[in-house]
Each structure stands twice: as C-alpha cells, then as structure tokens.
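Below is one structure, written out as structure tokens; the observations come after it.
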Amino acid sequence: MRSSARTLRRPAELVGAGLAPPERLGELERVAARYAVAISPALAELIDPADPQDPIARQFVPDPAELTVAAEERADPIGDDTKSPVAGIVHRYPDRVLLKLVHVCPVYCRFCFRREMVGPGGRPALTPAELASALAYIRERPAIWEVILTGGDPLVLSARRLRAVVHDLAAIAHVKIIRVHTRMPVAEPARVTRDLVRALKAADKATYVVLHINHPRELTAAARAACASFIDAGIPMLSQSVLLRGVNDDPATLGALMRALVEARIKPYYLHQGDLAPGTAHLRTSISDGQDLMRSLRGRYSGLCQPTYVLDIPGGAGKVPVGPSYLADGGAVAGALEVIDCVGRRHAYPSAGSCQADAVRPHLPPVKR
Ligand code: SF4
C-alpha cells in the first residue's frame, strides 16, 4: 500500500505514487484529457500496486477502455437535464427534488454516471442567484417533502456554506427531510468535522446522510469514525453502492460490504445497476448477474444486509427495483402461485381465493342454525 500527502490529480502523479507503471503514462494522459481524475490520500493508500486487479484501483485509476463508447451509452444516462426545470434542480418524482450545489468531488470514480458534468472542467457550482432561484422553486411547491443534496459531492463545501443552505431549506415548512449524498467519509474522512456535522442538522427536520461506497476495504477505521460522528449526532446513515465488474460482483465481497456497513450502523439502501455512462461498459455487469448476486445475499445474510437492487431507467423515467422475483406461476390451478425459497426450492402457494377456502374455513366452528 502507498500513501500520498495530497490528492493525486495528474497521471504523472499516479505513476510517481506507484499506482500505475511508467509505460502506462501515455494512456493515462489520454483518459485524463477526457475525464476528471482525483484519488485522495485515504483511497490511494488502500490500493495494492502489486495487484493488477485491485478493486480500489479499478474504481479510480483511469483505464483506456474509458475511451471506447458503446452504442447504448449516453452523456446524460439518467436524464438529469430533461428533468431540470431550473439550474441545480432535478425534479423527477412528485415529493422530492435533487439540489445539485456543486459539480466537484473529492475523488473521481471511473464509472461516474455524471462524468460529463463533474470535475474541474465540468459544470460550475451554482451561483448565488441560481441558488436563490432553486430555493424559490422548492418554496413554491408544497408537494416537495424531501430535498436531496447531491452533485458532485456537497460535502466539499465549507460548514459555513452548508449551514446556510440547510438553514434556508429548514425555513420551508413543507420540506421535512434533507438527504445528503456523499463519498466524503471514505474519500477524506478528516473533512467530516464536528462543525460540518452540526451544519447539516436543523430543528424539526430530519437529516439523512447516504454514503457512497463500493468495496468493504473503503470502510477503514477513519471512515467508520467519520460515519459514527453523523450517527452519534442523531443523523441516520444509509448506503448506496454501484455493482461493478471486478470490484464487488462476487457474493463474498458484496456480502462483506453489506455486513461491514450494518456493523457500522449504516443501513444498505440501494445497489445500483451501472448506468450507461460513456466509456463504462468494462465496469458494468449484466442485470441477470446482479439478480444472481441478490439471490446469494438473500440466502446467506441477515435481512439488515439486503439493499434494493435498482436501475435508473435510461432517459430520466426514474428508478425501479430489478431484483429477482421469488414468485412464479403455479401452473395448472388458476391463480395458484409457487414461492421460490433462498436455495431455489419451489413451494406451492394457493391463490387468495383458495387460501381462504382451503386454509381458513376448515378451522372455523360449524355455523349454528
Ligand atoms: S463521487 Fe459521485 S458524482 Fe463524484 S465522481 Fe464519484 S460517482 Fe461521480
């Protein structure tokens, strides 16, 4: 494992830190000219340079495969722009909006679904006037119950600026939930200070923090301590992971990740099918592989360790669960079903009508006349 004192942003720095061999410098530079690169010291330290398949390196060290764009891939894979009525807002569902304050992150993930928007060459942060318009949009719509701060990573902002945004949101009576999506506790745990944690809290509102994490090694002691500082302050935590080929697409790694999260008091929330972002085909799995992995989790791990496997429908139609079904048609009897257990055995289950007729009525006392 190597450590560096500061975030590595240039290909020559990655080579200098031993995260890629010198002969790869040219290809790293070609990718870096197209997509943002940043590896924080905390994550660089987790990479084993002797392992060409290292799952942390695979998430952050550029790969020339990123320059090959598959026919089905698109610049805005989940359709943020089609659902953006004003700058900074994505309004896809009636009761919640995304509020994208910034488009920079402490690290840049090679599979990022917003890779055409984030990074130093990406979209700028909201101006004060744009932020005022975004807040006015939320204020004028009583149906908006939840505001999700995302980006980029909103926790790159100072505690002072976050406090101001949370204060403005908290002043809107119909906004009850403030949800913050971040990679900061694993990427730069030291940035999660007491001041920053306090900045996210607002009287009479519930704040949730959703950690983005893909491999159990990311949950270091420092990352766990950063998460504990949210939870101990009364901010519940959930997690989001992306299913990534060569990173977490095996039952043991995925199970270890979910258990590590639950042990850290973080409830696994979503496991995402990889979005159709440009140049990410080498990191995506098939949905049927994802369903097999979900079956393996269901059979072996506590219910607390079960995330919902979801797909963001390309184009902006929203998120839907795509996990395996445990019900099958029961065959000859109309309406009957089969239930499939965790090891694949099938069990007959009567239809609703026959359930009443066969299971309940025999136990009723005879009708007195
Ligand atoms: S932290 Fe999120 S927004 Fe930033 S590069 Fe990674 S996936 Fe993209």
Side-chain angles (χ1 to χ4, degrees), residues 7-9 14 31-32 34-44 46-47 55-63 66 73-81 84 88 90 98-126 148-157 162 179-189 191-192 209-215 217-219 223 226-227 237-245 247-248 257 269-284 307 310-312 319:
T7 295
L8 306 168
R9 298 182 186 277
L14 302 190
V31 181
R34 181 73 186 81
Y35 299 113
V37 174
I39 310 180
S40 65
L43 288 170
L46 295 179
I47 295 173
I56 310 298
R58 209 164 153 72
Q59 293 183 66
F60 302 110
V61 175
D63 187 308
E66 293 173 53
E73 292 176 339
R74 44 182 91 186
D76 180 14
I78 69 168
D80 277 359
D81 286 345
S84 181
V90 177
L98 305 185
L99 175 54
K100 299 198 282 185
L101 299 169
V102 290
H103 286 94
V104 290
C105 305
V107 285
Y108 290 107
C109 312
R110 309 325 304 164
F111 51 86
C112 177
F113 64 124
R114 294 196 178 118
R115 60 189 336 209
E116 300 283 353
M117 305 174 194
V118 300
R123 296 186 184 176
L126 285 190
I148 301 165
L149 302 184
T150 181
D153 193 322
L155 297 194
V156 300
L157 292 171
L162 285 166
R179 195 196 322 167
V180 182
H181 281 238
T182 182
R183 224 166 176 351
M184 196 63 85
V186 298
E188 289 191 41
R191 290 278 295 263
V192 182
V209 168
V210 180
L211 176 69
H212 291 211
I213 180 168
N214 301 316
H215 192 275
R217 248 162 52 200
E218 293 172 50
L219 207 53
C227 294
M237 285 193 73
L238 308 168
S239 71
Q240 280 202 162
S241 305
V242 182
L243 187 55
L244 296 167
R245 196 194 304 170
V247 174
N248 57 18
L257 172 61
Y269 178 39
Y270 281 148
L271 176 66
H272 284 264
Q273 171 65 15
D275 293 311
L276 300 176
T280 60
H282 60 295
L283 291 167
R284 273 195 302 279
V310 292
L311 167 73
D312 257 300
K319 209 178 260 92

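As the structure lists them, so they are numbered: ligands from 1, and atoms in each ligand from 1.
Partners of Arg34 under the salt bridge (charged side-chain N to carboxylate O under 4.0 Å, His left out) rule, at least two apart in sequence or in another chain, are Glu116. Here Arg183 pairs with Glu218 under the salt bridge (charged side-chain N to carboxylate O under 4.0 Å, His left out) rule; sequence neighbours left out. Partners of Tyr270 under the side-chain contact (heavy atoms from CB on, under 4.5 Å) rule, at least two apart in sequence or in another chain, are Gln240, His272, Thr308, Val310, Lys319.
Less than 4.0 angstrom separates atom 8 (Fe) of ligand 1 from at least one non-hydrogen atom of the protein.
A donor-acceptor pair under 3.5 Å is absent between the side-chain atoms of Arg284 and the main chain of Gln273, judged by distance alone.
Checked for salt-bridge contact, Asp80 and Arg114 meet the test: a charged N lies under 4.0 Å from a carboxylate O. Using a cutoff of 4.0 Å between basic side-chain nitrogens and carboxylate oxygens, Arg123 and Asp81 are scored as salt-bridged.
For atom 8 (Fe) of ligand 1, the nearby protein N/O/S atoms, meaning those under 2.8 Å, are Cys112 SG.
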